Amino acid sequence: MADIELRRLVKEYPGGVRAVDGLDLTIADGEFFALLGPSGCGKTTLLRSIAGLETVTGGHILIGGRDVTGLAPGARDIAMVFQDYALFPHMTVRDNIAYPLRIRKMGRPERHAKAEETAEGLSLGGLLDRRPGQLSGGQQQRAALARAVACHPKVFLFDEPLSNLDARLRLEARTFLKRLQRDLGVTTVFVTHDQAEALAMSDRMAVMDAGRIRQIGTPTEVFQRPASTFVASFIGSTPMNLLDAVADRDTLRVAGTTLPLPAAAGPHVRDGEKLVFAARPEYMTLHREAEPTGIEGVVAIVENMGVGSLVSLEVPGGADGARIVQVTVPEGQEPEIGSRGWAVAAPERVLLYRHDDGELVGSERAGAGEPVLAGAGD
Amino acid sequence: MSPRELVGRVGFYVLIAVITAFMALPVLWLLLAPFDRTPTLTTSLPEWTWQNFAGLLDNPYALASLGNSVLLALGSMVVVTVLGALAAYALSRVRIPGRDGLLYALLLLSSIVTGTAAMVPIFLLMFELNLIDSQLGVVLVLSGGLLPAAIFILKDFMDATPRSYEESARVFGAGPLQILRDIVLPVVRPGIATIAVWTVVNVWGNFLTPFILLRSPDKSPAAVVLYTFYTEGGQADLGLISAFSLLYSIPVVAMYVFVNRRYGFRFHGGIKR
Ligand SMILES: Nc1ncnc2c1ncn2[C@@H]1O[C@H](COP(=O)(O)OP(=O)(O)OP(=O)(O)O)[C@@H](O)[C@H]1O
Ligand SMILES: [Mg+2]
């Protein structure tokens with residue numbers, strides 16, 4: 001078992017793309033760590049650098065305290081599961097799982113016994129003599145996992161292992177993978193572009209953009225207090241409401257409404273400063289009657305989400321015409337399309353971001369480090 | 001169907017039948033003439049006899065030359081598949097500037113190596129290398145001519161093999177030769193089989209190179225020996241030629257059928273799933 005430490009890691013591709021840009025990160029021993037970010041942000045590159053499949057251009061990689069920056073992938077004591085699983089098409093499942101052991105010169109009977117034992121644990125028992133082409137997507141994924149598990153690595157690296165599965169299977173595989181990781185206690189880095197996956201599975205997660213980490217924290221922290229408007233708009237199954245706002249003495253003018261400025265934010269904003277008001281649809285309530293702290297609008301769309309619905313209010317005003325504010329309402333309380341409504345945000349859930357750099361109000365400017373203070377009062 | 005269409009279709013089939021018959025005639029000749037007591041250049045029902053084959057047994061070089069052909073063909077096959085696979089793997093995986101240009105240039109030039117135009121320089125080169133009248137020399141020249149096309153085709157197969165297979169093996173600690181042996185070669189096996197057969201067929205049928213580079217008749221392959229079958233009168237001995245031609249073509253046809261059954265011929269990469 002081992003922790004992973006990345007120090008000032010840089011990977012620049014020929015042609016000048018900095019896919020990983022001076023990244024510092026420590027992943028604790030036994031942690032299930034998710035790397036989340038939009039397409040092209042450098043997740044795969046980072047994972048492949050840890051694996052040794054990419055030669056980094058700068059910085060150091062330590063696994064279990066040992067500097068592995070210059071070591072070949074095979075010498076790093078890791079196992080990787082690729083997005084396409086990379087099961088060898090000409091080998092049976094048994095030979096596939098046993099292949100890493102064969103490389104380590106384990107005898108045929110031992111490695112086959114080991115493969116069978118591992119396969120049994122991942123409910124692949126009856127499929128050992130099949131070729132990968134004769135397995136379903138979910139079975140292929142488990143076979144790839146079994147191959148990684150059988151060689152007892154210090155670190156697991158997963159590159160979007162669930163993205164080739166259909167929606168239902170993906171949910172099953174999530175639970176399965178989470179339990180497997182918990183049972184084995186192996187440090188795991190998991191790349192995904194699905195925020196729900198990262199929130200559901202990880203102990204801690206990092207949100208990346210353009211080769212840098214924008215926020216690190218537990219899923220709860222990242223979900224409740226996104227460090228910037230970028231993270232805020234990326235996390236959550238319904239996108240966060242982000243509305244332009246202006247500070248006016250002790251108040252905040254948002255979408256034609258005046259709200260009290262959260263007390264904790266007070267010292268950090270200038271009078272007349274442009275801000276971004278942020279509240280999750282789940283943390284807002286819809287009222288049929290006028291509310292002093294409500295944002296008024298006309299119900300434009302109601303989307304059924306199974307439990308409850310997502311209501312889009314069209315809020316007039318602003319230089320750019322109408323704005324949309326989304327609110328979730330409980331089952332059976334869906335409003336009529338075209339009716340008026342007032343969206344009220346729970347004050348303790350409101351976040352304020354600076355308009356210019358998109359960072360949380362009160363956080364240090366253009367520097368690393370934890371935000372000194374999050375937006376709203378408590 | 002209108003009468004016009006009917007006439008058109010009938011005409012089409014008649015045309016196809018004529019072309020087929022034209023193509024089939026030489027094959028028919030090859031099947032009948034060897035068993036004819038007095039073979040001619042026309043195809044006719046033979047007076048059955050084994051005498052032509054008996055004649056072959058009396059010829060001192062006929063049967064040995066088939067052995068020589070096998071030697072040359074298998075030698076070239078080994079050289080072309082081994083070197084071709086290694087080169088194609090490297091060219092497919094390593095990024096060097098102008099790689100594709102290099103390959104196309106090689107491919108173009110290769111048709112010259114085994115062609116007629118370069119025979120004089122090749123003869124001189126082999127003379128300098130002391131490889132005249134040596135079967136090794138013939139194998140090297142023929143392989144050199146076939147390698148570029150083999151590399152070209154094999155590279156396509158290698159390109160179509162996902163890199164994640166090799167990367168996965170690398171993470172497990174496999175070295176380059178282990179990866180080639182355990183992963184890449186088995187995956188591109190249909191391509192290797194195609195190249196092997198293609199090489200054998202090419203060498204088997206090649207006349208000019210062994211004819212020029214080999215002196216002693218006991219080293220000559222079948223294609224060259226076939227050329228020496230004359231009667232005392234200086235006439236081509238059609239009996240011997242036809243019988244020998246039949247023997248000469250059987251191995252190639254048999255091999256084609258076998259390999260096609262076993263692997264299937266493919267000239268492009270891609271993994272069957
Ligand atoms: N071999 C390469 N050569 C040059 N640039 C590359 C190479 N591989 C990736 N890049 C660039 O590096 C950046 C990061 O790529 P990477 O594959 O790590 O993104 P990602 O976060 O995994 O995206 P996705 O979610 O789409 O898989 C991208 O801008 C990409 O274009
Ligand atoms: Mg990726």
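The analysis underlying the following values was restricted to heavy atoms, covering all of them including side chains, and did not include hydrogens, waters or symmetry mates. Below, read A as the first sequence line, B as the second, and so on, with proteins coming before strands; counting in each chain starts at 1. The structure presented is a predicted model; accordingly, all values stated were derived computationally and were not measured.
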Quick one, Gln139(A) with Val93(A), criterion side-chain contact (heavy atoms from CB on, under 4.5 Å). Give me CA distance, side-chain angles, the key distance, then yes/no.
CA-CA 10 Å; Gln139(A) 291 164 342; Val93(A) 171; over 6 Å; no

Among Phe33(A), Phe32(A), Phe156(A), whose ring pair (Phe, Tyr, Trp, His ring centres under 6.0 Å) with Phe190(A) holds?
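Among Phe33(A), Phe32(A), Phe156(A), the one that satisfies the ring pair (Phe, Tyr, Trp, His ring centres under 6.0 Å) with Phe190(A) is Phe32(A).
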
Can you confirm whether the side chains of [X] and [Y] place a donor and an acceptor under 3.5 Å from each other?
| X | Y | result |
| --- | --- | --- |
| Glu197(A) | Thr192(A) | yes |
| Gln83(A) | Ser163(A) | yes |
| Asp159(B) | Ser92(B) | yes |

Heavy-atom distance under 4.5 Å to chain B: side chain of Arg76(A), backbone, both or neither?
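Neither the backbone nor the side chain of Arg76(A) comes within 4.5 Å of chain B.
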
With a 4.5 angstrom heavy-atom cut-off, could you sort out which part of Arg131(A) is near chain B: side chain, backbone, both or neither?
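Neither part.
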
Residues in residues 166-185 of chain B that sit under 4.5 Å from chain A, counting heavy atoms only:
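Contacts with chain A: Glu167(B), Ser168(B), Ala169(B), Arg170(B), Val171(B), Phe172(B), Gly173(B), Ala174(B), Gln178(B), Arg181(B), Asp182(B), Ile183(B).
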
In Å and rounded to the nearest 0.5 Å, what is the CD to CG distance from Glu5(A) to Leu25(A)?
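Result: 9.5 Å between the selected atoms.
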
Considering all heavy atoms, the nearest Leu107(B)-Ala149(B) contact
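Of all heavy-atom pairs spanning Leu107(B) and Ala149(B), the closest is CD1-CA, 3.4 Å.
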
Closest-packed option against chain B by number of heavy-atom pairs under 4.5 Å, given Met91(A), Arg104(A), Arg147(A)
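Winner by heavy-atom pair count: Arg147(A).
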
